[in-house]
Amino acid sequence: YHAACVFGPGGYQPVRSWEVGLMFGHAGVELFFVLSGFIICWIHYDRIGVPGEVQSYIRKRLVRIYPPVTLVVVAWAALSFAAGMPLRPIEYLVSFTLIPFEFVYAPPALWTLTHEMAFYALFLLAFIRRWLFIAALFAWGVAGYVLTMMPELSALRAGLSLIGSA
């Protein structure tokens with residue numbers, strides 16, 4: 001998607017035949033989310049309901065995500081300050097916490113990890129009761145669809161950024 005926007009003479013609209021292959025790059029994020037959700041469910045399916053697995057799951061998710069995020073945000077902050085274009089402190093805070101808000105992230109691509117972390121939190125429900133996780137996942141999907149298809153609810157969407165898409 002970004003390659004088509006940058007390198008294609010018509011932006012995202014293909015002009016030459018080879019550019020048509022770049023048109024579906026925007027689906028990469030959705031593919032990543034689906035694949036990641038499938039892998040998390042597949043890996044932890046047999047561990048659901050096993051004593052001690054909730055703590056293990058939380059620890060593994062935090063260790064996997066936060067050390068690299070911390071390094072990237074600190075590096076981004078240093079480069080932003082050096083370039084004379086620092087973000088507001090709240091934007092660094094949401095970048096460190098990975099809580100979905102309507103702010104600029106440092107770097108901007110971190111918005112994807114906010115949704116990944118929201119899914120990790122949602123998946124914790126599976127350790128409590130599988131049906132609760134499935135019901136919450138269904139509700140998240142329905143809410144995301146409704147908020148996407150009904151632009152008049154955009155003011156509501158701002159308050160529910162955990163369930164909408166970025």
Side-chain angles (χ1 to χ4, degrees), residues 1-8 11-13 19 21-44 57-126 133-166:
Y1 170 76
H2 296 289
C5 291
V6 172
F7 299 115
Y12 190 57
Q13 302 304 318
E19 292 173 348
L22 299 174
M23 285 185 61
F24 302 102
H26 68 279
V29 172
E30 288 86 351
L31 177 63
F32 168 77
F33 285 146
V34 169
L35 183 60
S36 178
F38 174 80
I39 290 172
I40 289 293
C41 291
W42 181 269
I43 289 172
H44 294 286
Y57 170 78
I58 292 171
R59 185 178 54 257
K60 287 176 184 176
R61 297 300 99 206
L62 295 178
V63 167
R64 179 179 174 270
I65 298 294
Y66 278 102
V69 165
T70 301
L71 290 173
V72 167
V73 172
V74 168
W76 189 271
L79 291 171
S80 297
F81 279 109
M85 301 182 315
L87 297 176
R88 297 177 300 171
I90 188 71
E91 293 166 334
Y92 291 112
L93 179 64
V94 297
S95 297
F96 278 118
T97 62
L98 295 176
I99 297 172
F101 286 108
E102 300 294 327
F103 289 105
V104 173
Y105 291 96
L110 281 182
W111 75 265
T112 60
L113 288 180
T114 66
H115 294 281
E116 187 78 4
M117 292 300 286
F119 178 77
Y120 292 163
L122 183 72
F123 191 74
L124 277 173
L125 295 175
F133 167 66
I134 293 168
L137 192 60
F138 180 77
W140 190 8
V142 168
Y145 177 79
V146 168
L147 292 174
T148 300
M149 300 309 289
M150 300 179 73
E152 62 273 11
L153 295 177
S154 63
L156 175 64
R157 182 187 171 277
L160 299 173
S161 61
L162 277 174
I163 59 175
S165 61

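In this chain, residues are counted from 1 in sequence order.
Considering all non-hydrogen atoms of both residues, Ala106 and Ser95 come closest at N-OG, 2.8 Å. Trp140 and His115 make their closest contact through CH2-O, 4.1 Å (heavy atoms, listed as atom of the first residue, atom of the second, distance). Residue Thr112 comes nearest to Phe33 through the heavy atom pair O-CE2, 3.5 Å, listed as atom of the first residue, atom of the second, then distance. Nearest approach of Leu137 to Phe119, heavy atoms of both residues: CD1-CE1, 4.0 Å. Taking all atoms of both residues into account, the shortest heavy-atom contact from Leu122 to Phe133 is O-CD1, 3.5 Å. Taking every heavy atom of both residues into account, Pro67 and Val63 meet most closely at CD-O, 3.1 Å.
No donor-acceptor pair closer than 3.5 Å links the side chain of Tyr120 to the backbone N or O of Leu62. Side chain of Tyr92 to main chain of Leu87: a donor-acceptor pair is present (N/O by atom type, distance under 3.5 Å, no hydrogens or angles).
The line from CE of Met117 to OH of Tyr66 is 4.0 Å long, rounded to the nearest 0.5 Å.
Counting heavy atoms from C-beta on, the side chains of Phe96 and Leu110 never come closer than 4.5 Å. At least one side-chain heavy atom of Thr114 sits less than 4.5 Å from a side-chain heavy atom of Tyr105. Within the 4.5 Å cutoff, side-chain heavy atoms of Ile40 are placed close to those of Arg61.
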- Message: Pair Arg64, Val69 - check side chain to side chain contact (heavy atoms under 4.5 Å, CB included), show working.
- Response: CA-CA 9 Å; Arg64 179 179 174 270; Val69 165; over 6 Å; no

